[in-house]
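Here's the structure we're looking at; comments come further down.
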Number of protein chains: 6
Amino acid sequence: MTRGFYIGRFQPYHQGHHRVVQEIAEEVDELVLGIGSADQSHSVRNPFTGGERIMMITKALVDVDLVTYAVPIEDINRNAVWVSHVQSMSPNFDVAYSNNPLVVRLFEEAGIEVRGSPMFDREVLRGTEVRERMVAGDDWADLVPDPVERVVHEVDGVERIRQVGDTDIDSPND
Amino acid sequence: MTRGFYIGRFQPYHQGHHRVVQEIAEEVDELVLGIGSADQSHSVRNPFTGGERIMMITKALVDVDLVTYAVPIEDINRNAVWVSHVQSMSPNFDVAYSNNPLVVRLFEEAGIEVRGSPMFDREVLRGTEVRERMVAGDDWADLVPDPVERVVHEVDGVERIRQVGDTDIDSPND
Amino acid sequence: MTRGFYIGRFQPYHQGHHRVVQEIAEEVDELVLGIGSADQSHSVRNPFTGGERIMMITKALVDVDLVTYAVPIEDINRNAVWVSHVQSMSPNFDVAYSNNPLVVRLFEEAGIEVRGSPMFDREVLRGTEVRERMVAGDDWADLVPDPVERVVHEVDGVERIRQVGDTDIDSPND
Amino acid sequence: MTRGFYIGRFQPYHQGHHRVVQEIAEEVDELVLGIGSADQSHSVRNPFTGGERIMMITKALVDVDLVTYAVPIEDINRNAVWVSHVQSMSPNFDVAYSNNPLVVRLFEEAGIEVRGSPMFDREVLRGTEVRERMVAGDDWADLVPDPVERVVHEVDGVERIRQVGDTDIDSPND
Amino acid sequence: MTRGFYIGRFQPYHQGHHRVVQEIAEEVDELVLGIGSADQSHSVRNPFTGGERIMMITKALVDVDLVTYAVPIEDINRNAVWVSHVQSMSPNFDVAYSNNPLVVRLFEEAGIEVRGSPMFDREVLRGTEVRERMVAGDDWADLVPDPVERVVHEVDGVERIRQVGDTDIDSPND
Amino acid sequence: MTRGFYIGRFQPYHQGHHRVVQEIAEEVDELVLGIGSADQSHSVRNPFTGGERIMMITKALVDVDLVTYAVPIEDINRNAVWVSHVQSMSPNFDVAYSNNPLVVRLFEEAGIEVRGSPMFDREVLRGTEVRERMVAGDDWADLVPDPVERVVHEVDGVERIRQVGDTDIDSPND
């Protein structure tokens, strides 16, 4: 049995993430999706709460033939302990998936196998693109799986990101 | 659609928790199991990591006819913001289940419906009992669902709790 | 102009505190009441929030002939920086009032004048007494100034402390 | 009785804030001024400590016909719990005043009434302007109420901001 | 070249610690002394600051024929990341020395060699004993190396522990 | 006996720092080198851990005729308590050395003597320069003392900074 670990902020979970998961599904039996910066929300960069992102991922993966876990990972703000923090919050995993150079480095220094993916590079789709379209009032629904679209609507997500996106405000005291 | 929320430390997830979940299953369509003190581990009171407890719960509930989410909740150490913290880390829920008086009070002050359960009171089984048996070398396996027993063995849990239980040490500096 | 500083948890602000303030009023022109553990609430030891305690103090002192400030001080959990923390959150002060040996020591090491008070020692009345009466259903109202009694009622404080006091639970995960 | 809540960093409390308070005074009986980022100081963006800002506000409002509370609010760095944090540190309030889109959003999601103000928009005066004048050695005193000017002088504030403003240094390790 | 790691709170560094270091000196070329709970001070259990303990250790070891490092380790309050935290704050080490069961377990789970020591067990001398003698006014100086006695006097340590030891107060809000 | 305190991030410890230490050595008997942002690592700005920097400093100063202490200082993110934090983690010192305007200001407000140094100003060499050369693959070894070069190689430091420097990523969630 092989279990993989795939970290992202998933703000929101989009088609690019979804294709990566489908690709990983051919290599592992179970996959943990670690939701980074789970404690951050209500900003342009991190509009959705950890719980909302759990919903998106769980609903989007319900028909994928893979045992998956959606695990919120709060920021710990110390790179040197980040791998241990992730390991303590996640079911054990055998291989990590990432193209983020820092994540790759941290896992490698900890002796954990890391795999990149051609899909990652081809992935022109980025969370930034989805969020910018939401703020601008452009079409964004095609960029995410249908269940994610429904979650965004349920939490009034477009209105939220547009409202906080009026300015570059990230905290209540800006 | 009704979604419930059931908070516990699940150190470990045992038959008492399991019966409560089965009882709740008759009232809700989906259930979030919030894993409290998710950042605590390797002590007699909190032997298992958040990730290990996710494993226990997920494996134990695989055959229960209920959509479930196992969500680690790190301690925030401020009762007045605890409900908001839980809400931000969890999928939305309509009703909370607890017999813990503080949890009941906090949810009530936040205007969230809380339901107790006769099962909770009849539940003589407590996590303390399971952990004490582990430390003492007594039989404990019957007190937990089979998949939980397997997780405990995989992570060498009995040896861990016995080792840290030699003393009343809770931190590396005691 | 002399400004004093008087630290306490004020759980709740009671007649003992009030007599101390009246005594101090004869020595200073202005007085800061530092509300310690301002981030703690909803436990037997700390039932009231920082904001509720601001209300109690402000309302109780409205007729005292002294300029007063009620300043919440969050716990910082490092004694060595506690004085700096207090100083940064409070208007400047010339003298601190306390009979707590640790507070006296910390202020003295920082070179700040500390004054004890005979009143402190005669003060048989302690917050513990008030809280125990609330939990037990005994008379407590005579132990606090009238405006404090009103604040306690407004926030449903007696019911809160009785509810969380059913057990010795201090956190939602106990 | 109506109590309002007005959040700001008040670095420093200036004429723009003062006019807003006077406007709010016509709508409420009591007003809480929440001092945001109360734990930040000694930077160009946040030159004054929480305690110094309490002084500014209290002294400036002494002649305003309104019961006011100056309450320091430390940063909590999680937008999803920020409203609960504010509520726990402040006397209860019925309505919040803000034109900050994030603050408005957070209060609205929590079901709290928020009122904007034409005054806010007309308010060309910003804290940035006051601080830049202080750094540059230009006249700034007319931009703040007289008691605030006195507090700034007492704490040697202009020299402080000029000194830390020599560079764009925000922490001792830059 | 072999480098060892020896963790303790060193409140204060006493003859028992000193004999352990001398024993370890025969096995390693360099030794890191990790000062646990470095952020705690001014309590009966943790009377001395991290900096004061650096002084004690450095001065006591000046004549020991071993390259030593005295490294303060702040509490991180999450056992699962404690080893990574220690590793990030310490020069690399090959072997850890401890008889604390939790420390042994954490290092073992991280794949780091841990050695106990007969000396540890024979070591009837404990920090508790030294501190209790200080509080009681009994002779304590023989229990510590001479340079430690001098440091204790320089920082007025006996008076400090006696003063905070009048009660069982651990925080300024007790 | 005079003890000095010199704060820096030492990312890495380079010839500029080394000349400053040699200059200070003529004025003091002992010198504490405070390693700022000790909890930060694995980023372009802060590539090395606190422990790695202790190694660099200790090894580089082994032949300097001065008693030195290398003390990691974790970030505390509140300027108003920073001096107390530093004082609690460091052996007592009589004079601080810095040209950082914020550090100078904070020490001055705390009544501690601060000395700048002509050397600091002449010091064209900055940590940024060393790190940029590492990332770019240019010669950097001449900019640091030989023992520092060895430490960098032992921890595979150049490869680390080049890897995390591929992007402007500072946290695992960027």
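Order of the sequence lines sets the chain letters (A, B, ...), proteins ahead of strands, with each chain counted from 1.
Atoms CD and CG, from A/E74 and B/D39 in turn, are 8.0 Å apart once rounded to the nearest 0.5 Å. In this structure, CG in A/N92 is found 8.0 Å from CD in B/E154, a value given to the nearest 0.5 Å.
The number of heavy atoms from other shown groups lying within 6.0 Å of CG (B/D139) does not exceed 12.
For a heavy-atom cut-off of 4.5 Å, chain B lies close to A/I54, A/M55, A/T58, A/K59 in residues 53-65 of chain A.
Residue contact with chain A, scored on non-hydrogen atoms closer than 4.5 Å, involves the side chain of B/E30 exclusively.
Taking both residues in full, the closest heavy atoms of A/A38 and B/M89 are given as O-CE, 3.4 Å, listed atom of the first, atom of the second, then distance.
B/P72 is listed as a side-chain neighbour of A/P72, based on a closest heavy-atom distance under 4.5 Å.
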